[in-house]
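The sequence lines fix the lettering, A, B, ..., with proteins before strands; numbering per chain opens at 1.
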Amino acid sequence: MSTRYNFRENEEKWQKAWAEASLYKTKETLPKYYVLEMLPYPSGRLHMGHARNYTIGDVIARYKHASGYAVLHPMGWDAFGLPAENAAIQHGTSPKTWTLENVRLMKEEINSLGISYDWDREILTCSPDYYRHEQKIFLDFLKQGIAYRRESFVNWDPVEGTVLANEQVIDGKGWRSNAPIERRRLSQWFFKITDFAQDLLDDLALLENWPDQVKTMQINWVGRSEGALVLFPLVEKKDILEVFTTRPDTLFGASFLGISPDHPFVEALAKENPALDTFIIECRAQGTSQKEVDTAEKKGFNTGLTVQHPFLKNKTLPLYVANFVLMEYGTGVIFGCPAHDARDFDFAVKYKLPILPVVKGVSEEPLPYDGEGVLCNSDFLDGLSINDAKKEVIRRLELKKLGTHKVTYKLRDWGVSRQRYWGCPIPIIHCPFCGIVSVPEHQLPVALPESISFDQPGNPLDSHPTWKYVDCPNCGEAALRETDTLDTFVDSSWYFARYCSPHGSQPIDPDKAEFWLPVDQYIGGIEHAILHLLYARFFTKALRKCGYWSLSEPFKNLLTQGMVCHETYRDQSGSWLYPHEVERREGKLVKLSDGTPVKAGRSEKMSKSKCNVVPTAKIVEEYGADTARLFMLSDSPPERDFEWTEAGIEGSWRYLNKLWRLVTAHLSDVKVARSPEVFTENALKLRKLTHKTIYHVTQDIEKFHFNRYVAHLREFSNTLEEFTPSESSENWALHEALHTLVLLAAPALPHLAEALWAELGHEPFVFNQPWPKADPSLITEDNLTLAIQINGKTRGTLEVSSQLSEDAIKDLILEMPSVRSYSQGKPLKKFIYIPGKVANVVV
RNA sequence: GCGGGCGUGGUGGAAUUGGUAGACACGCCAGACUUAGGAUCUGGUGACGCAAGUCGUGGGGGUUCAAGUCCCUUCGCCCGCACCA
């Protein structure tokens, strides 16, 4: 008997055996369970964040399989995207070759972890087999009016002659060129997600098992607000400006109108006003990200024009072009009420505009004040509450035909055009005669050309010598292909459906989708709480509109996992060091190469830039997959950040060996054939623990308390270690306990469990064994321990029979010597009894 | 700037959701063992105190018989912000 568990030999052996037996091939029987981890980008290296994600999914998949479900547990690759193009520009590799090699490497690493994926259903989004269906969906969206084209702004790098992603813009400059970035207007494709805004809000109610914080974030993101549309006629011109406001009640406190620099009216004005044109150019020097807009200095340009106040004949308001007014939200024009809005207040102070309070709080409130109150200085609104004033002002506006009630959403339509090569081509042809023409379905896929060059600025599809030149499918005249490709979020918005019929000739097979969807458990990082999840939800509704299915929500349950973190290290010169370059000598951290001191920084999310990454491959090589899996499950609850430590992985490795010793040491003790009729007290005690452990572990996994799951396994094995059978019923109980232990450990430690299952004399595979069931008669306790409190402070415990009545317990407690001494003969004021938990004596 | 979270021993965390704070580990301390191993085993370990006991869940305040848990306030850190995925 070996006292050390040989993980290398075992993991290789069983992974091979599982593959040969096609153990993870999906069966299509009821009940079904679809467990899905978020589609990874194939960066080439499996990091611990992935490993944690897949381990969690794997435990659930294995547990559900053992519980009798037909489990769908697929994996694939979010294979389009910027990094492949960056690699192409830097190293001259082709995006396709680079991506496929990364996929190969990552797949190997995933398999080394022993995750139970059905690889027959693998998806690769950059493969024409996948994106041809996405192109079909795009055309369906176009038919339904969900896809459309309009102008919007991009980050333009004037030196590179390229559109940049937000992350490529650093402090307003291009990351490679360092040139100031400007916002440039381009005609682009959009998806009409705003048509589904209300559905996206309403259907959150169906998602009972989504974390509340994710639902809240989505609600705020969609940002429904009720307010009014108010018309302001210009005094000097014939035009009328439409303003959306959520505070129509403060209309009498308005002191200016702010209009977006991107508003068509402003652009027209700028043509005859060079100073305004300069101001607009200044505003466009700012990036497109929300954070930049919000944190930029608030600037205005007085157009010299004024608008008429809808109710006050003698009041006009100056019209300012303001850099903080967004064209995408509301109407692109606001009215400013400085007394009751912080941003308007700052603006009014800066440009010396009047500040007239129109809402009185309970006491004198400092301005700007946006709390509850009663209207004042507001003509017919005086004395009304804010809510009544809103209703009244809208009623009066409607009478004068100068406004109306209106609901708006912060949510903007989804811009899906990317001026890039490595993405799904948009299947559209621009014909000089017919306009925008869909590529006929039988011509799909519109495949990416493979011979491309990144030598020229801009999109290689655009500069390709032949690719974009085609004949119009409609009239046959010379036409041009659309050279924009789709945002990679589109690829990941419907992949969960493709897994149900990965080889089907249509994008989605309705029967298969009907069978498997919705996804029963979706697992992924909290960083996707808004965009990816919202887009996938939108797609589900849009696909329903196109007649693909009747599904309204894609993911029934959602688990958002935290990040994997690691301590950071810097040497004396301040350079970051990898953990393996650092060593602890005599309690001090030193650099391995030269022994100089190393400063440990706080633990942060693993990232290449800070060198605090631990590659999965290294851990699997050193400790094996099961140790890595166990550690990632045992330390933190899944939704919290995870702290990767050397000590932690060592501790998990020791536990694996302990399990191995525990089972193998007792192999001769557990060869008992028949179930005994009478159990000794020790045997019964052990059986109770076994069944309680089954109960707890089952609960823990069901609730995704994987750290407690592991803690219960450890507690159970600690007791088993001390147990020495001296009689046949005790042998039987130990036999039951060890078998149970192996079965319970199997979802977390599939390789070790498989090895121990064989050691116990069974045929493979432990994977196919049913999940143990707790015997209810063995998990109830005869006695319970009550906490005894005097005046709310715990002063002791009392063990009582669970049969005793409350009165009997009360008498017992009041007679306790400790209770008597603490209460010092004071009269009993109150006696609080929480059955099975606590009794509080208040004197 | 806006939206969402988190904060418990030296460390990761547990606490049947308002009911014995610190389960289970890591680390550390003391000891045992020797086929010297990536060991293993036994005991101890929140702080203060000789003890009885007192204090303890980022800080301050509140509700309650009872607060890590609920409310207010404050500090620190993290995630997202629409072209990274």
Side-chain angles (χ1 to χ4, degrees), chain A residues 3-4 38-41 43 78 80-83 154-155 163-169 193 211-214 216-221 223 288-296 324 328 342-343 410-420 487-489 492 525-532 534-535 560 562-563 565 602 604-605 622-623 634-637 639-643 645-648 650-655 657-658 661 696 699 705 707-708 710-715 718 721 785-797 829-832 834 836-842:
Chain A
T3 54
R4 295 194 68 84
M38 284 181 184
L39 189 69
Y41 181 79
S43 57
D78 192 9
F80 274 136
L82 267 184
V154 293
N155 296 310
V163 177
L164 297 186
N166 281 340
E167 73 154 12
Q168 296 174 319
V169 181
I193 190 172
D212 284 337
Q213 90 233 40
V214 174
T216 309
M217 279 192 264
Q218 295 218 346
I219 290 170
N220 291 331
W221 186 262
T288 58
S289 85
Q290 190 63 49
K291 194 180 168 186
E292 274 182 272
V293 175
D294 283 348
T295 51
F324 58 89
E328 286 91 356
R343 211 164 42 178
K410 250 192 229 126
L411 184 68
R412 309 202 290 258
D413 274 341
W414 175 12
V416 293
S417 274
R418 298 292 180 270
Q419 293 70 40
R420 301 186 202 294
D487 178 7
T488 56
F489 269 125
S492 55
I526 183 71
E527 66 272 21
H528 296 290
I530 297 175
L531 290 181
H532 162 63
L534 196 72
Y535 290 150
T560 50
M563 297 170 305
C565 301
R602 51 184 203 86
E604 294 189 58
K605 176 184 178 172
E622 276 181 53
Y623 296 97
S634 62
D635 244 39
S636 299
E639 54 286 338
R640 273 220 230 175
D641 285 355
F642 181 87
E643 180 70 27
T645 60
E646 205 47 34
E650 292 275 350
S652 293
W653 165 241
R654 282 203 289 273
Y655 179 63
N657 277 297
K658 188 170 172 171
R661 279 196 309 273
H696 284 305
Q699 288 294 305
H705 295 163
N707 52 335
R708 289 198 299 192
V710 176
H712 279 121
L713 288 182
R714 284 187 187 261
E715 267 186 296
N718 284 345
E721 257 190 334
T785 309
L786 289 180
I788 308 302
Q789 302 182 332
I790 287 93
N791 290 338
K793 273 192 189 290
T794 304
R795 296 298 186 183
T797 58
K829 273 194 206 154
K830 211 170 179 181
F831 181 82
I832 294 146
I834 309 297
K837 286 175 186 168
V838 70
N840 191 3
V841 180
V842 184

A/Lys658 and A/Asn718, any side-chain heavy atoms less than 4.5 Å apart: yes
Check: A/Val416 and A/Phe489 side chains under 4.5 Å, non-hydrogen atoms: no
Distance between the [atom1] atoms of [N] and [M], in whole angstroms?
N     : M     : atom1 : answer
B/G18 : B/U45 : P     : 32 Å
B/G53 : B/G7  : C1'   : 30 Å
B/U17 : B/A30 : C1'   : 40 Å
B/A47 : B/U34 : P     : 34 Å
B/C33 : B/A52 : C1'   : 40 Å
B/C75 : B/A25 : C1'   : 31 Å
B/C70 : B/A51 : P     : 36 Å
B/C50 : B/A39 : C1'   : 39 Å

Report, one pair per line, the protein and nucleotides 39-49 of chain B atoms (nitrogen or oxygen only) whose separation is under 3.5 Å.
residue : atom : partner  : partner atom : Å
B/C41   : OP1  : A/Glu721 : OE2          : 3.3

In terms of side-chain heavy atoms of [X], which of [options] is nearest?
X        : options             : result
A/Glu715 : B/A23, B/A82, B/C79 : B/A23
A/Pro637 : B/A82, B/C84, B/A14 : B/A14
A/Thr488 : B/A85, B/G38, B/G19 : B/A85
A/Phe489 : B/G4, B/A82, B/A85  : B/A85
A/Tyr623 : B/G4, B/C81, B/G38  : B/G38
A/Ala647 : B/C83, B/G27, B/C81 : B/G27
A/Ala165 : B/G13, B/C84, B/C78 : B/C84
A/Arg640 : B/C84, B/U8, B/G5   : B/U8

Backbone N/O of A/Val163 and side chain of A/Asn155: donor-acceptor pair under 3.5 Å: no
Side-chain (A/Asp641) to main-chain (A/Met563) donor-acceptor, under 3.5 angstrom: yes
Between A/Lys410 and A/Asn220: side-chain donor-acceptor atoms closer than 3.5 Å: no
When you check the phosphate oxygens OP1 and OP2 of [N], does a side-chain N or O of [X] lie under 4.0 Å from one of them?
X        : N     : result
A/Thr794 : B/A21 : yes
A/Arg714 : B/A25 : no
A/Arg418 : B/C84 : no
A/Lys793 : B/C55 : yes
A/Arg795 : B/A52 : no
A/Lys830 : B/C65 : yes
A/Ser636 : B/G12 : no

Residue met sooner reading RNA chain B from 5', once A/Asn791 and A/Asn718 are mapped to nucleotides: A/Asn718
Upstream residue (5' side of RNA chain B) when A/Ala711 and A/Ser634 are each assigned their closest nucleotide: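 Counting from the 5' end, the first nearest nucleotide belongs to A/Ser634.
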Taking atom types as they are modelled, would you say the side chain of [X] forms a donor-acceptor pair with the base of [N] within the 3.5 Å cutoff?
X        : N     : result
A/Gln419 : B/C83 : yes
A/Asn166 : B/C83 : no
A/Arg420 : B/C83 : yes
A/Gln290 : B/G1  : no

Nearest-angstrom distance from the residue atom CG of A/Asp641 to C1' of B/G76: 15 Å
Integer-rounded Å distance: B/G3 C1' and A/Arg412 CZ: 14 Å
Applying a 4.0 Å non-hydrogen cut-off, can you work out what [X] is touching in the nucleic acid: base, sugar-phosphate, or nothing?
X        : answer
A/Gln213 : sugar-phosphate
A/Gly562 : nothing
A/Met38  : nothing
A/Ser43  : nothing
A/Leu411 : base
A/His532 : nothing

Conformer about C1'-N of B/G49 - syn within 90° of 0, anti elsewhere: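 You should classify B/G49 as anti.
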N-glycosidic conformation, B/U17 - syn within 90 degrees of 0, else anti: syn
Base-pairing assignment for B/G80 (Watson-Crick or G-U wobble, both under 3.5 Å):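 B/G80 is paired, partner B/C2.
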Partner nucleotide, any strand, of B/G43 [Watson-Crick/G-U, under 3.5 Å]: B/C29
Test applied, side chain to side chain contact (heavy atoms under 4.5 Å, CB included); reference residue, A/Gln789; option that passes from A/Thr794, A/Ile832, A/Val842, A/Val841: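 Testing each of A/Thr794, A/Ile832, A/Val842, A/Val841 against A/Gln789, the sole residue satisfying side chain to side chain contact (heavy atoms under 4.5 Å, CB included) is A/Thr794.
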